[in-house]
Amino acid sequence: MLTRHHPLLSPSLGSQRALTSFHFGQEGRGEKVHIQASLHADELPGMLVAWHLKQRLRQLEDEGAILGEITVLPVANPIGLNQNQSSRLMGRFELMSGQNFNRHYLPLAEPVFAAVRQQLGADAKANTRLIRAAMRAELARQQPQTELQSLRHTLQSMAFDADIMLDLHCDSRADIHLYTGTPLWDQCEPLARYLGVCASLLAEDSGDYPFDESCSQPWWQLRDLAARAGLSAPIEMACLAVTIELRGECDVNLEYAAKDAEAIIDFLQRRGVIAGAPPPLPPLRHPATPLAASEDLLAPHAGVVVYRAAAGSLLSPGDLVADVIDPLTDTVTQVCTQHGGVLYATSDRPYATAGLGLARVAGDTAFKSGKLLTA
């Protein structure tokens, strides 16, 4: 195992943070895998999964079983880990700028296409190498001006050329689910099966350029740009980028973490990054669905929230999800799903203000447009 430290831009006199990455296998051999955890610093189940992965990968490396290059970044956001207010960790948004740590990564497709369009040819693998070289050059031209920008730039520079990128997150209260690009579902389905996710949410553009899409989205955007330019050059979907939501914020336990780490190992065996015969594929709990079909259930007024359905439940249209109870007026309002589907996440707040997001249900018919993710 090789350990590397990546200093971030110093935000203040006498202060500097760094990212620490752990590397297994041989650089340039086989597929490259990048796994990171807790980009939202208050989402800690992934940090424990990453720790388990470190132990397993160290053992596998000693056995000579790693056939590719695997990077594990257990702490992807040291900035957010040090943001505490009234003893509560505030790790989703940078307090200085108010920006989400998992948004606003560098769009690469257009500058990269301008750099490579005259050189693209009939060899898909050669095109992939050409595109990655142009991505590297474009990232090298960037000059971050703030600590947050340097965090984003460092993360993107580490992962842009990965064949597989797994970003480990969690929700407030949830069953395990994932997000990936629509063109990537065939590659992702074995991972969804091994993890046992209740929902797989697909989109080509979820809005505001989150980290996973910064790694994968340029490939289908480049394909579209080439087609519009009349080029017949084949462009691979060369990065399987997946955001894995490891249940809820309080689901930090050794049993879950060991199980999830082993599922990732099984998937990497199936991809040929780790030697050995992978276990048979388990059944898929539910088919993949468009992120644009995800229904957001909101509190109709303030009150105490009583959930009547558990995360992971399969609901029919009209099924009851929660009651919102106003103890002053005795108003009790039932919050029901209109479209039905898998209830994959709920709020962890027992008190709702009017309009608070209470739950999300993965339906199968797209009905939304615009930004598909919450802030």
Side-chain angles (χ1 to χ4, degrees), residues 24-25 30-37 45-46 48-50 52-53 55-57 59-60 63 65-70 72 162-171 174-203 212 215-216 219-220 236-247 251 254-291 293-294 311-314 341-345 362-364:
F24 304 87
E31 289 196 313
K32 176 179 175 178
V33 180
H34 177 94
I35 303 171
Q36 65 179 39
L48 190 58
V49 171
H52 273 277
L53 282 170
Q55 316 315 308
R56 288 286 284 117
L57 291 170
Q59 175 190 359
L60 289 163
E63 296 169 357
I66 297 181
L67 307 179
E69 172 189 356
I70 305 174
V72 177
D163 298 283
I164 301 167
M165 193 292 296
L166 306 181
D167 197 10
L168 307 182
H169 286 251
C170 73
D171 215 304
D175 200 342
I176 187 169
H177 58 283
L178 62 79
Y179 301 88
T180 194
T182 307
L184 303 174
W185 175 240
D186 287 347
Q187 293 187 59
C188 183
E189 185 179 357
L191 176 63
R193 289 176 180 267
Y194 283 128
L195 287 168
V197 299
C198 74
S200 303
L201 300 148
L202 310 181
D212 60 347
C215 297
S216 59
W219 296 97
W220 57 80
E236 300 179 301
M237 297 298 99
C239 178
L240 170 60
V242 187
T243 292
I244 304 172
E245 301 281 351
L246 296 166
R247 306 174 191 84
D251 291 319
L254 292 171
E255 181 181 355
Y256 279 152
K259 176 185 175 183
D260 297 336
E262 205 58 39
I264 291 171
I265 296 292
D266 292 343
F267 172 70
L268 295 181
Q269 278 188 314
R270 187 173 182 86
R271 286 283 297 224
V273 183
I274 295 175
L281 282 173
L284 188 66
R285 285 175 62 187
H286 297 289
T289 57
L291 181 56
S294 177
S313 301
L314 180 60
V342 179
L343 175 64
Y344 63 92
D364 56 12

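Excluded from the calculations below are hydrogen atoms, water molecules and symmetry mates; all remaining heavy atoms, backbone and side chain alike, are included.
Residues Arg271 and Gln187 come closest through the heavy atom pair NH1-OE1, 2.9 Å. Here the closest non-hydrogen pair linking Leu202 and Ala288 is CD1-CB, 3.7 Å. Heavy atoms only, all atoms of each residue included: Leu201 and Ala362 are closest at CD2-CB, 3.8 Å.
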One pair to check against side chain to side chain contact (heavy atoms under 4.5 Å, CB included): Asp171 and His177. What are the steps and the verdict? CA-CA 9 Å; Asp171 215 304; His177 58 283; 3.9 Å; yes
Check the pair Phe267, Leu240 against side chain to side chain contact (heavy atoms under 4.5 Å, CB included), reporting the backbone distance first and the verdict last. CA-CA 12 Å; Phe267 172 70; Leu240 170 60; 3.6 Å; yes
Assess whether side chain to side chain contact (heavy atoms under 4.5 Å, CB included) is satisfied between Trp220 and Leu184, documenting all intermediate values. CA-CA 10 Å; Trp220 57 80; Leu184 303 174; 3.9 Å; yes
Test His52 against Leu254 for side chain to side chain contact (heavy atoms under 4.5 Å, CB included), laying out the working first. CA-CA 9 Å; His52 273 277; Leu254 292 171; 3.7 Å; yes
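No side-chain heavy atom of Thr182 sits under 4.5 Å from any side-chain heavy atom of Leu291. Side chains of Leu246 and Tyr256 form no contact here, defined as non-hydrogen atoms less than 4.5 Å apart. At a threshold of 4.5 Å between non-hydrogen side-chain atoms, the residues Cys239 and Asp163 do not count as touching. Looking only at side-chain heavy atoms (C-beta outward), Ser200 and Trp185 come within less than 4.5 Å of each other. Within the 4.5 Å cutoff, no side-chain heavy atoms of Glu69 are placed close to those of Val33. Two residues are said to be in side-chain contact when any heavy atoms from C-beta on lie closer than 4.5 Å; Asp251 and Ile176 fail this criterion. With contacts defined as side-chain heavy-atom distances shorter than 4.5 Å, the pair Leu195/Ile244 qualifies.
Atom SG in Cys198 sits 10.5 Å away from atom CD in Glu245 (nearest 0.5 Å). Considering CD of Glu63 and CD1 of Ile66, their distance stands at 9.5 Å, rounded to 0.5 Å. Atom CG of Leu53 is separated from atom CD1 of Ile265 by 5.5 Å, given to the nearest 0.5 angstrom. If you take CG on Leu191 and CG on Leu178, they are separated by 6.5 Å, rounding to the nearest 0.5 Å. Atoms OH and CD, from Tyr194 and Gln269 in turn, are 8.0 Å apart once rounded to the nearest 0.5 Å. Note that the CD1 atom of Ile274 and the CG atom of Leu268 stand 4.5 Å from one another [nearest 0.5 Å].
Under the rule for a salt bridge (charged side-chain N to carboxylate O under 4.0 Å, His left out), Arg270 has no partner lying at least two apart in sequence or in another chain.
Partner Val242 forms a side chain to side chain contact (heavy atoms under 4.5 Å, CB included) with one of Asp212, Thr180, Asp167, Leu168 and no other, that one being Thr180.
Side-chain contact annotation: Thr289 with Asp364, donor-acceptor N/O pair under 3.5 Å absent. A donor atom on one side chain and an acceptor atom on the other are found under 3.5 Å apart for Ser294 and Tyr344.
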Name the atoms and distances for all side-chain donor-acceptor pairs under 3.5 Å in residues 277-287, with sequence neighbours left out.
| unit_1 | atom_1 | unit_2 | atom_2 | d |
| --- | --- | --- | --- | --- |
| Arg285 | NH1 | Asp175 | OD2 | 3.3 |
| Arg285 | NH1 | Gly196 | O | 2.8 |
| Arg285 | NH2 | Asp175 | OD2 | 2.8 |

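Classification of Arg193 and Glu189 as a salt-bridged pair holds, one side-chain N sitting under 4.0 Å from a carboxylate O. Ion pair Asp260/Arg247 flagged as a salt bridge, since at least one NZ, NE, NH1 or NH2 atom sits closer than 4.0 Å to an Asp/Glu carboxylate oxygen.
Applying the 6.0 Å contact sphere to CD of Gln59 captures more than 12 heavy atoms from other residues, nucleotides or ligands.
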